[in-house]
Enquirer: 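Structure provided below as structure tokens; questions to follow.
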Amino acid sequence: MSKDVGVLIVHGMGTQQPNFADEMIGELSDLIDDPQRVAWQPVFWADVLQPRQEDFLRRANSRNQLDFLGLRRFVVGALGDAAAYRRIDDSPETTYRHVHTAVRDAVRALYRDPDKLARRAKPLIILAHSLGGHIMSNYIWDLQRDRPIVAPGDNPFERLKTLGGIVTFGCNIPIFTFALDEVVPIDLPSGARWLNFFDRDDVLGYPLKPINRAYRRTVSRDIAIDVGGPLSSWTPLSHTEYWTDNDLTEPVASLISKLLRAR
């Protein structure tokens, strides 16, 4: 039996594992009245860059005995991901293309899997952390401007025309706008909402409405929350603590439940 709502979950920068979304899915499932009606689909793209980053750190450390390896791993992962992810139109093999291929394949799996949406154009909610928000903004922008770097399906769902909502958390889209003279957000379908959550202690997560007037109109709400435990909630480590924090999961579950009730 096909599900009634699809949820795409996209990780951000840094070291990740294929099961990165499991705890969030479990948490949200406990908060939703009819979780069996939701089709979940993670987008795991870290394997595009992670092996190269880890290989470099191993070689660098074996020859130089570096200090703060844990912090260096975060820096290389975070800055390395952000620096490598950019569109180069005249190059056939880029990180941008490989990451967008992972997104396209995940959307395709969500739509075509008979145990998920079974080729029915149901509403889609995107949950995107950190750099994942920038990735999904670019992916949607490319579709809407008819310039996708990887070919999507020819149906409304795979072209993200059934988008019911976007939730970004720890999002750093503003950092990528400074090189542009004109910053224009994506177009949201009628009725879709964009909720952006950020922790004031998270130096990698920002409100989006201050970008410009167009973002003020497009983003439904910037919502400041406090995520993490006693050792992380008041530090930049809060960037990694959104996933199962009730300040995020409860409003996300409410958004999903609202779409389910409308079906």
Enquirer: Can you confirm whether Asn19 is buried at CG, in the sense that more than 12 heavy atoms of other residues, nucleotides or ligands lie under 6.0 Å from that atom?
Expert: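 Enclosed: over 12 neighbouring heavy atoms sit under 6.0 Å from CG of Asn19.
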Enquirer: Between Asp34 (side chain only) and Arg37 (backbone N and O only), is there a donor and an acceptor less than 3.5 Å apart?
Expert: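 Pair absent, no side-chain N/O of Asp34 close to backbone of Arg37.
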Enquirer: When rounded to the nearest 0.5 angstrom, what is the spacing between CD1 in Ile256 and CD1 in Ile32?
Expert: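 Going from the CD1 atom of Ile256 to the CD1 atom of Ile32 covers 4.0 Å.
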Enquirer: Between Trp40 and Ser29, is there a side-chain heavy-atom distance shorter than 4.5 Å?
Expert: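 A side-chain contact exists here, since the closest heavy-atom pair is under 4.5 Å.
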Enquirer: Is there side-chain contact between Val252 and Leu127, with at least one heavy-atom pair below 4.5 Å?
Expert: yes
Enquirer: Answer yes or no: does atom CZ of Arg86 have more than 12 heavy-atom neighbours from other residues, nucleotides or ligands under 6.0 Å?
Expert: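 Count not over threshold, so no.
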Enquirer: Pick from Phe198, Phe197, Trp243: which one makes a ring-ring contact (aromatic ring centres under 6.0 Å, His included) with Phe169?
Expert: Trp243
Enquirer: Taking all atoms of both residues into account, what is the closest heavy-atom pair of Pro174 and Pro207, and its distance?
Expert: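 Smallest interatomic distance, heavy atoms only, reads CG-O, 3.7 Å.
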Enquirer: Rounded to the nearest 0.5 Å, what separates atom CG in Leu124 from atom CD in Gln41?
Expert: 10.5 Å
Enquirer: CG of Leu204 to SG of Cys171: how many Å apart, nearest 0.5 Å?
Expert: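 Taking CG in Leu204 and SG in Cys171, the distance rounds to 11.0 Å.
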Enquirer: If only atom types and distance count, is the side chain of Asp199 paired as donor or acceptor with the main-chain N or O of Val227 below 3.5 Å?
Expert: yes
Enquirer: Do Pro210 and Asp222 have side chains that approach each other closer than 4.5 Å (heavy atoms only, starting at C-beta)?
Expert: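 Yes. Closest side-chain heavy atoms under 4.5 Å.
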Enquirer: Does any part of the side chain of Ile225, heavy atoms only, come nearer than 4.5 Å to the side chain of Ile223, both counted from C-beta?
Expert: yes
Enquirer: What closest approach, in Å, do Ala106 and Pro42 show between heavy atoms, and which atom pair accounts for it?
Expert: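 Ala106 and Pro42 have their closest heavy atoms at CB-O, 3.8 Å.
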Enquirer: Give a yes or no on whether the backbone of Ile149 and the side-chain of Arg97 come within a donor-acceptor separation of less than 3.5 Å.
Expert: yes
Enquirer: Give a yes or no answer on whether the side chain of His129 reaches the backbone of Val10 with a donor-acceptor pair at less than 3.5 Å.
Expert: no
Enquirer: Would you say the side chains of Trp194 and Thr168 form a donor-acceptor pair under 3.5 Å?
Expert: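 Indeed, the side chains of Trp194 and Thr168 share at least one donor-acceptor pair under 3.5 Å.
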Enquirer: Taking all heavy atoms of Gly133 and all of Ile173, pick out the closest pair and write down the distance.
Expert: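 Smallest heavy-atom distance, with atoms named: O-CD1, 3.8 Å.
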Enquirer: Using 30° and 60° as the class limits, which term best fits the ring planes of His134 and Phe176: parallel, tilted or perpendicular?
Expert: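 Judged by the thresholds at 30° and 60°, the geometry between His134 and Phe176 is parallel.
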Enquirer: Contact between Tyr206 and Asn196 at the side-chain level, heavy atoms closer than 4.5 Å - yes or no?
Expert: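 Heavy-atom side-chain distance check fails, nothing below 4.5 Å.
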Enquirer: Quick check: do Lys122 and Lys3 have side-chain heavy atoms less than 4.5 Å from each other?
Expert: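 Not touching, per the 4.5 Å side-chain cut-off.
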Enquirer: Within a reach of under 6.0 Å around CG of Asp154, are more than 12 heavy atoms found that belong to other residues, nucleotides or ligands?
Expert: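 No, because the 6.0 Å sphere around CG of Asp154 holds 12 heavy atoms or fewer from other groups.
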Enquirer: Rounded to the nearest 0.5 Å, what separates atom CE in Met24 from atom OG1 in Thr244?
Expert: 8.0 Å
Enquirer: Do Gln16 and His11 have side-chain heavy atoms sitting under 4.5 Å apart?
Expert: yes
Enquirer: Counting only heavy atoms not in Glu23, do more than 12 fall under 6.0 Å of its CD?
Expert: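 Check fails, neighbour count at 12 or below.
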Enquirer: Might you point out which heavy atoms bring Leu195 and Ser220 nearest each other, and give the distance in Å?
Expert: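 Minimum heavy-atom contact is CD2-CB, 4.2 Å.
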Enquirer: Counting only N and O atoms by type, is there a donor-acceptor contact under 3.5 Å from the side chain of Asn212 to the main-chain atoms of Tyr215?
Expert: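 Between the backbone of Tyr215 and the side chain of Asn212 there is a qualifying donor-acceptor contact (under 3.5 Å).
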Enquirer: Would you find a donor on one side and an acceptor on the other, under 3.5 Å apart, between the side chain of Arg104 and the backbone of Ala151?
Expert: yes
Enquirer: Just by modelled atom types, is the Gly228 backbone N or O under 3.5 Å from a matching donor or acceptor in the Asp245 side chain?
Expert: yes
Enquirer: Going through the checks in order, is the side chain to side chain donor-acceptor pair (under 3.5 Å) test met by His100 and Tyr85?
Expert: CA-CA 10 Å; His100 282 216; Tyr85 174 72; 2.6 Å; yes
Enquirer: In terms of hydrophobic clusters joined by side-chain contacts under 4.5 Å, are Phe178 and Val183 together?
Expert: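 No, no single cluster joins them.
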Enquirer: Identify the heavy atoms of Gln144 and Asp187 that sit nearest to each other, and give their distance.
Expert: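 Residues Gln144 and Asp187, closest heavy atoms: NE2-O, 2.6 Å.
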Enquirer: Are Trp141 and Leu208 connected in a single hydrophobic cluster, I mean Ile/Leu/Val/Met/Phe/Trp/Tyr linked by side-chain heavy atoms less than 4.5 Å apart?
Expert: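 Linked within one cluster.
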Enquirer: Looking just at side-chain N and O atoms, do Tyr96 and Asp142 make a donor-acceptor pair shorter than 3.5 Å?
Expert: yes
Enquirer: Has Lys209 got a side-chain atom pairing as donor or acceptor with Val219's backbone, closer than 3.5 angstrom?
Expert: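 Judged by distance alone, yes, a pair lies under 3.5 Å.
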Enquirer: Distance check, rounded to the nearest 0.5 Å: Arg119 atom CZ versus Leu117 atom CG?
Expert: 11.5 Å
Enquirer: Looking only at side chains, do Tyr242 and Asp202 share a donor and an acceptor under 3.5 Å apart?
Expert: yes
Enquirer: Measuring only between side-chain heavy atoms, which start at C-beta, is Val38 closer than 4.5 Å to Leu28?
Expert: no
Enquirer: Tell me whether Val7 is reachable from Leu31 by hopping between hydrophobic residues (I, L, V, M, F, W, Y) whose side-chain heavy atoms are closer than 4.5 Å.
Expert: no
Enquirer: To the nearest 0.5 Å, how far apart are CG in Leu255 and CG in Leu260?
Expert: 10.0 Å
Enquirer: Is it the case that over 12 heavy atoms from other parts of the model lie below 6.0 angstrom from the CZ atom of Arg145?
Expert: yes
Enquirer: Is the count of non-hydrogen atoms from other residues, nucleotides or ligands lying under 6.0 Å from Arg147 atom CZ greater than 12?
Expert: yes
